[in-house]
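Heads up, the thing below is written out as structure tokens.
Count residues from 1 along the sequence. Keep in mind that what you see is a predicted model, and the values were worked out from it rather than measured.
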Amino acid sequence: MNMIKTAMLIAFMTALFMGLGFMIGGRAGMMIAFVFAAGMNLFSYWNSDKMVLKMHHAQEVDARSAPEYYRIVEGLAGRAGLPMPKVYVINNAQPNAFATGRNPENAAVAATTGLLERLTPEEVAAVMAHELAHVQNRDTLIMTITATLAGAISMLGNFAFFFGGNRDNNNPLGFIGVIAAIIVAPLAAMIVQMAISRTREYAADRRGAEICGNPGWLASALGKIAGAAGRTVNQDAERNPATAHMFIINPLSGQRMDNLFSTHPDTANRIAALKQMALEMGGGDGGFVAATPQAGIDRTRSGPWGRGDRPSGGGRKRGPWG
């Protein structure tokens, strides 16, 4: 079913891209846009995850460079029956996380240093379980391809400023078509992003709570992330807003309301759903407490991540990462 949804989404985004090309350059513009969109779809399938990780300056870590964080992901992947994903850290003060990859065999999860510093090990486990739920539900391909194409559509809309006014571009709609290209198409792409993120976040919350075994941990984490994210600007996300829907909480400033122009459901609604789920489960831990040693939570070390949790490589690090 998800493969059908992915195909439909790619077809819609390609048609949107072609429509934008038609409004800017007529039939010739539409054909150029089609070729460009086809190339983008092919490139996105194989490389969009790498692009997103590079946009946010993610650094891969392993069991030696970040043992606690890595073992938490490893334990959760085992509980979910998933292959071990690649694990990344983003040197960013805003607490947040996302998952990417075309399938579970080629997945990656990333958490910011802000998230690892501010949350307890149990809350970090819940957040990473949420991200693994996206991997298991095969949301990551749709979300990553959408991010790539939405960014390209917005970029093409900006190009209309420079090339749309040319009388030799065979644009049948004239200046009105250019204005529509600048405003309507990027807005439509943004609405698609919002719809994708909203419908999938609730499902990932529920499955993530099942994987970690305690909905309360994720509810607590969401509250902390939302509160801190609103006070911390994520410069990489602001420069690449097409990737906003991939994060567990909207990383863009001033975008936290549950309305037409939000990429995520209202955090309070998500927390309420998790609390209801906890009641349905009888308030228990679902067996996860007994499994925390496998998940990598070691309370005998200094701090939640211990002294050894520092990613290798150069660059400035903050907090528990150096």
**Prompt:** Is there side-chain contact between Arg270 and Ile249, with heavy atoms separated by less than 4.5 Å?
**Reply:** yes
**Asp49 side chain near Thr140 side chain, heavy-atom distance below 4.5 Å** = no
**Message:** Checking His57 against Asp236: is there a side-chain donor and acceptor pair closer than 3.5 Å?
**Reply:** yes
**Asked** Taking only residues two or more places apart in sequence, or in another chain, which ones meet Arg207 in a salt bridge (Lys or Arg N to Asp or Glu O under 4.0 Å)?
**Response** Glu210
**Asked** What distance separates Thr232 OG1 from Ile225 CD1, expressed to the nearest 0.5 Å?
**Response** 12.0 Å
**Message:** So, taking the atom named CG in Asn250 and the one named CG in Asp266, what distance separates them when rounded to the nearest 0.5 Å?
**Reply:** 12.0 Å
**Prompt:** Atom CD1 of Ile271 and atom CG of Leu218: how far apart are they, to the nearest 0.5 Å?
**Reply:** 8.5 Å
**Prompt:** Below 4.5 Å, heavy atoms only, C-beta onward: do Lys54 and Lys50 meet side chain to side chain?
**Reply:** no
**Asked** Do the non-hydrogen side-chain atoms of Arg118 and Lys224 ever get within less than 4.5 Å of each other?
**Response** no
**Asked** Under the side-chain contact (heavy atoms from CB on, under 4.5 Å) criterion, do Leu53 and Phe98 qualify, and how do the steps go?
**Response** CA-CA 10 Å; Leu53 290 165; Phe98 66 83; 4.0 Å; yes
**Prompt:** If you measure from CG on Leu132 to CG on Leu82, what distance do you get to the nearest 0.5 Å?
**Reply:** 6.0 Å
**Prompt:** Considering only heavy atoms from C-beta outward, does the side chain of Glu131 approach that of Val73 to under 4.5 Å?
**Reply:** no
**Request:** Look only at the side chain of Asn234 and the backbone of Ala237, and say whether a donor-acceptor pair between them is shorter than 3.5 Å.
**Result:** yes
**Message:** Does any part of the side chain of Trp217, heavy atoms only, come nearer than 4.5 Å to the side chain of Val124, both counted from C-beta?
**Reply:** no
**Asked** Is there a path from Met84 to Val89 through hydrophobic residues (I, L, V, M, F, W, Y) whose side chains come within less than 4.5 Å of each other?
**Response** yes
**Prompt:** Does a side chain donor of either Gln94 or Asn92 reach within less than 3.5 Å of an acceptor in the other side chain?
**Reply:** no
**Message:** Applying side-chain contact (heavy atoms from CB on, under 4.5 Å) to Gln59 and Asn91, what does each step give before you reach the verdict?
**Reply:** CA-CA 8 Å; Gln59 181 181 0; Asn91 189 19; over 6 Å; no
**Asked** Hey, do the aromatic rings of His56 and Phe247 have their centres closer than 6.0 Å?
**Response** yes
**Message:** Within the 3.5 Å criterion, strictly below it, is a donor on His245 or Glu201 matched to an acceptor on the partner's side chain?
**Reply:** no
**Exercise: identify the closest heavy-atom pair between Pro83 and Pro104** = CG-O, 3.8 Å
**Short side-chain donor-acceptor distance under 3.5 Å, Ser65 and Asp62** = yes
**Message:** Can you confirm whether Asn103 sits close enough to Leu141 that some side-chain heavy atom of one is under 4.5 Å from a side-chain heavy atom of the other?
**Reply:** no
**Message:** Less than 4.5 Å apart, side chain to side chain, heavy atoms only: is that true for Leu279 and Gln276?
**Reply:** yes
**Message:** Check this for me: does any side-chain nitrogen of one of Arg206 and Glu280 sit under 4.0 Å from a carboxylate oxygen of the other?
**Reply:** yes
**Prompt:** Judged by modelled atom types alone, do Ser220 and Glu123 share a side-chain donor-acceptor pair under 3.5 Å?
**Reply:** yes
**Complete:** Between Val135 and Ala107 the two heavy atoms that sit nearest each other are CG1-CB, 3.7 Å
**Asked** Is a side-chain N or O of Tyr69 found less than 3.5 angstrom from the main chain of Ala111, in a donor-acceptor match?
**Response** yes
